[in-house]
Amino acid sequence: SHKTGVATFNVVPGAFRKLQLLVPGESAAPGTLTGKTGTPSTRLAGTAFNVTVNGVDNNWNVVSTITDSVHISTTDNFAILPSDARLVAGTKNFSITLNTLGNQTISASDASNSSITFSSSPSILVTTPTPVISSVTPSCALKFDGDLDIIVTGSSFISSSVVKFNNNSLTTTYISSTQLGATIPS
């Protein structure tokens with residue numbers, strides 16, 4: 001006679017050896033060659049997103065006893081990055097905003113122990129969001145002798161956004177992702 005059964009076993013992680021950085025579009029896959037599956041998803045400039053950093057063993061298993069401090073860096077010189085923070089039970093989510101168009105990478109390094117192997121993401125494509133204008137202030141003006149300062153309100157503005165008037169680019173000041181300032185010359 002034959003018995004069919006299911007064996008249950010627990011995986012006990014080995015020693016903490018490296019960091020694993022997961023960006024949107026990637027998932028952890030312990031026991032595989034790279035430790036993850038998927039490809040990074042395209043990100044919109046100026047829009048925050050989370051990355052996950054795990055403290056792992058040589059087989060990409062999370063070592064839940066690790067509380068080392070992690071430093072996040074990127075090839076984007078205009079990115080908004082988080083302060084260094086400690087892993088909690090071997091893992092931590094960090095909020096990042098990339099602001100430079102094109103391919104960027106993100107890296108995580110151990111700020112507590114330089115002998116721990118750092119982790120870098122594959123290239124992440126950063127694209128321009130489609131801006132939406134909801135209002136222009138002032139909404140109208142009489143013929144005037146001087147320059148007219150305007151505020152454009154909307155969403156998805158980035159630092160390189162440009163206001164146009166009569167198909168001419170105006171000198172534009174980026175105030176925030178929801179406001180631009182510009183001057184219509186006399």
Side-chain angles (χ1 to χ4, degrees), residues 2-132 155-161 177-178:
H2 291 69
K3 278 189 161 180
T4 304
V6 176
T8 302
F9 61 94
N10 292 328
V11 174
V12 178
F16 175 43
R17 297 285 186 231
K18 54 192 168 187
L19 293 175
Q20 176 187 52
L21 175 69
L22 299 170
V23 299
E26 295 180 319
S27 299
T32 63
L33 184 62
T34 62
K36 55 186 171 181
T37 61
T39 56
S41 59
T42 298
R43 308 312 309 163
L44 293 177
T47 303
F49 62 95
N50 286 332
V51 300
T52 301
V53 178
N54 295 319
V56 297
D57 66 10
N58 282 330
N59 294 310
W60 304 105
N61 297 299
V62 173
V63 181
S64 62
T65 57
I66 301 305
T67 61
D68 287 26
S69 184
V70 172
H71 175 76
I72 301 293
S73 59
T74 179
T75 54
D76 181 348
N77 293 329
F78 299 101
I80 299 170
L81 298 175
S83 299
D84 293 0
R86 293 196 169 279
L87 298 175
V88 176
T91 191
K92 179 77 176 163
N93 288 325
F94 293 90
S95 178
I96 297 174
T97 303
L98 297 175
N99 290 307
T100 303
L101 302 179
N103 288 311
Q104 305 297 334
T105 59
I106 300 169
S107 296
S109 58
D110 191 314
S112 302
N113 183 348
S114 62
S115 70
I116 297 299
T117 304
F118 72 94
S119 179
S120 292
S121 71
S123 288
I124 301 167
L125 179 60
V126 180
T127 61
T128 305
T130 302
V132 176
S155 62
S156 300
F157 300 140
I158 60 173
S159 60
S160 60
S161 294
S177 63
T178 61

Visitor: Locate the shortest heavy-atom distance separating G14 from D57; write the atom from each residue and the value.
Guide: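 So the two residues come closest at N-OD2, 2.7 Å.
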
Visitor: Do S73 and S107 touch side chain to side chain, with heavy atoms closer than 4.5 Å?
Guide: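 Yes, at least one pair of side-chain atoms sits under 4.5 Å.
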
Visitor: Can you pull the salt bridge (Lys or Arg N to Asp or Glu O under 4.0 Å) pairs that have at least one residue in residues 15-33, sequence neighbours excluded?
Guide: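 For residues 15-33: E26-K36.
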
Visitor: Do L87 and V70 have side chains that get closer than 4.5 Å, going by heavy atoms?
Guide: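 Sidechains of V70 and L87: in contact.
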
Visitor: Mind listing the closest non-hydrogen atom pair of A89 and V62 along with its distance?
Guide: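 For A89 versus V62, the nearest heavy atoms are O-CG1, 4.0 Å.
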
Visitor: Does the side chain of T100 reach to within under 4.5 Å of the side chain of V126, using non-hydrogen atoms?
Guide: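 SC-SC contact between T100 and V126 ruled out.
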
Visitor: Start with the C-alpha distance between V23 and I124, add both sets of side-chain angles, then the distance that settles side-chain contact (heavy atoms from CB on, under 4.5 Å), and finish with yes or no.
Guide: CA-CA 9 Å; V23 299; I124 301 167; 3.9 Å; yes

Visitor: Is Q20 reaching over with its side chain to a backbone N or O of A28, donor-acceptor style, under 3.5 angstrom?
Guide: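 No, because the side chain of Q20 does not come within donor-acceptor range (under 3.5 Å) of the backbone of A28.
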
Visitor: Let me confirm one number: the CH2-OG1 distance from W60 to T34, rounded to the nearest 0.5 Å.
Guide: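 OG1 of T34 is found 7.0 Å from CH2 of W60.
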
Visitor: Kindly give the heavy-atom pair with the smallest separation between T37 and A29, and that separation in Å.
Guide: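 So the minimum-distance heavy-atom pair works out to CG2-CB, 3.8 Å.
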
Visitor: Rounded at 0.5 Å granularity, tell me how far CZ in R43 sits from CD1 in I106.
Guide: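 Atom-to-atom, R43:CZ and I106:CD1 are 9.0 Å apart.
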
Visitor: Nearest 0.5 Å please: distance from the CZ atom of R86 over to the CD1 atom of I66.
Guide: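 Atom-to-atom, R86:CZ and I66:CD1 are 11.0 Å apart.
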
Visitor: Could you tell me whether the side chain of F78 reaches within less than 4.5 Å of the side chain of I158, counting heavy atoms only?
Guide: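 The answer is no, as the side chains (C-beta and beyond) never meet within the 4.5 Å cut-off.
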
Visitor: Rounded to the nearest 0.5 Å, how far apart are OG1 of T67 and NZ of K92?
Guide: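 Rounded to the nearest 0.5 Å, the OG1-NZ separation comes to 12.0 Å.
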
Visitor: P82 and I96: which non-hydrogen atoms are nearest, and at how many Å?
Guide: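 Result for this residue pair: CD-CG1, 4.1 Å.
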
Visitor: Apply the test side-chain contact (heavy atoms from CB on, under 4.5 Å) to residues V63 and V56: give CA-CA distance (whole Å), side-chain angles for both, the deciding distance (0.1 Å), then the verdict.
Guide: CA-CA 5 Å; V63 181; V56 297; 5.5 Å; no

Visitor: Could you tell me whether the side chain of I72 reaches within less than 4.5 Å of the side chain of V53, counting heavy atoms only?
Guide: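 They are in side-chain contact.
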
Visitor: For N113 versus S115, what's the shortest heavy-atom pair and its separation?
Guide: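 N113 and S115 have their closest heavy atoms at OD1-OG, 2.6 Å.
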
Visitor: Is it the case that atom CZ in F49 sees more than 12 heavy atoms from other parts of the structure closer than 6.0 Å?
Guide: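 Count over threshold, so yes.
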
Visitor: Without swapping roles, check the side chain of S112 against the backbone of S69 for a donor-acceptor pair under 3.5 Å.
Guide: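 Yes, S112 side chain to S69 backbone: donor-acceptor pair under 3.5 Å.
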
Visitor: What pair of heavy atoms forms the shortest contact from L98 to A79, and how long is it?
Guide: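 L98 and A79 have their closest heavy atoms at CD2-CB, 4.0 Å.
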
Visitor: Is there a side-chain contact between T105 and S123 (heavy atoms, below 4.5 Å)?
Guide: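 Side-chain contact under 4.5 Å: yes.
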
Visitor: If I take atom CG from residue D110 and atom OG from residue S119, how far apart are they, to the nearest 0.5 angstrom?
Guide: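 The CG atom of D110 sits 12.0 Å away from the OG atom of S119.
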
Visitor: Are side-chain heavy atoms of N103 and T75 found at a separation under 4.5 Å?
Guide: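 Result no, sub-4.5 Å side-chain heavy-atom pair not found.
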
Visitor: Nearest 0.5 angstrom please: N50 CG to L22 CG, how far?
Guide: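 Nearest 0.5 Å value for the CG-CG distance: 12.0 Å.
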
Visitor: Checking the side chain of N99 only, and the main-chain atoms of A45 only, is there a donor and an acceptor separated by less than 3.5 Å?
Guide: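 Not at all, since once roles are kept as given, no pair shorter than 3.5 Å links the two residues.
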
